[in-house]
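Computed over heavy atoms, backbone and side chain alike; hydrogens, waters and symmetry mates excluded.
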Amino acid sequence: SLKVESPVKLGKKTAALCPTIPLQKIKEIKDATGCTVNDVLFACLAGVLRRYLLKVDGFVAPGTTLHSNCLINMRTGKETKHLLVTRGADV
């Protein structure tokens, strides 16, 4: 379990810091589960969000799904498209 450091204020936003997870560890999880690095990281994010919601609200509504906004390179030069991506990560 990673210990999150105290939140840091960045203007109107707040960030929390935690120890770095070695890419090799992420790749080991990826290989063991047959998914991608992004899938592993997204699952970690969903887990952290779930813990946060449980701590703050005391519950997570059944069927809550994590949505992500991603920049995706469409391979047309330097142009990127801003797409809403729904991942299969229940919170």
Legend entry - side chain to side chain contact (heavy atoms under 4.5 Å, CB included) partners for D31, two or more places apart: none
Inset, instruction - Kindly indicate whether the side chain of D39, heavy atoms from C-beta on, has any atom under 4.5 Å from the side chain of K30. - result: no
Inset, instruction - Consider only side-chain heavy atoms of I, L, V, M, F, W and Y, link residues closer than 4.5 Å, and tell whether V48 and F59 are in one cluster. - result: no
Inset, instruction - Could you grab the distance from atom CD of Q24 to atom CD1 of I26, nearest 0.5 Å is fine? - result: 10.5 Å
Legend entry - Heavy-atom side-chain contact between V40 and T36 under 4.5 Å: no
Inset, instruction - For T64 and V60, indicate whether the former's side chain and the latter's backbone hold a donor-acceptor pair under 3.5 Å. - result: no
Inset, instruction - Measure the spacing between CG of L23 and CD of E28 and express it to the nearest 0.5 Å. - result: 10.0 Å
Inset, instruction - Measure the CD1-SG distance between I21 and C44 for me, rounded to the nearest 0.5 Å. - result: 5.5 Å
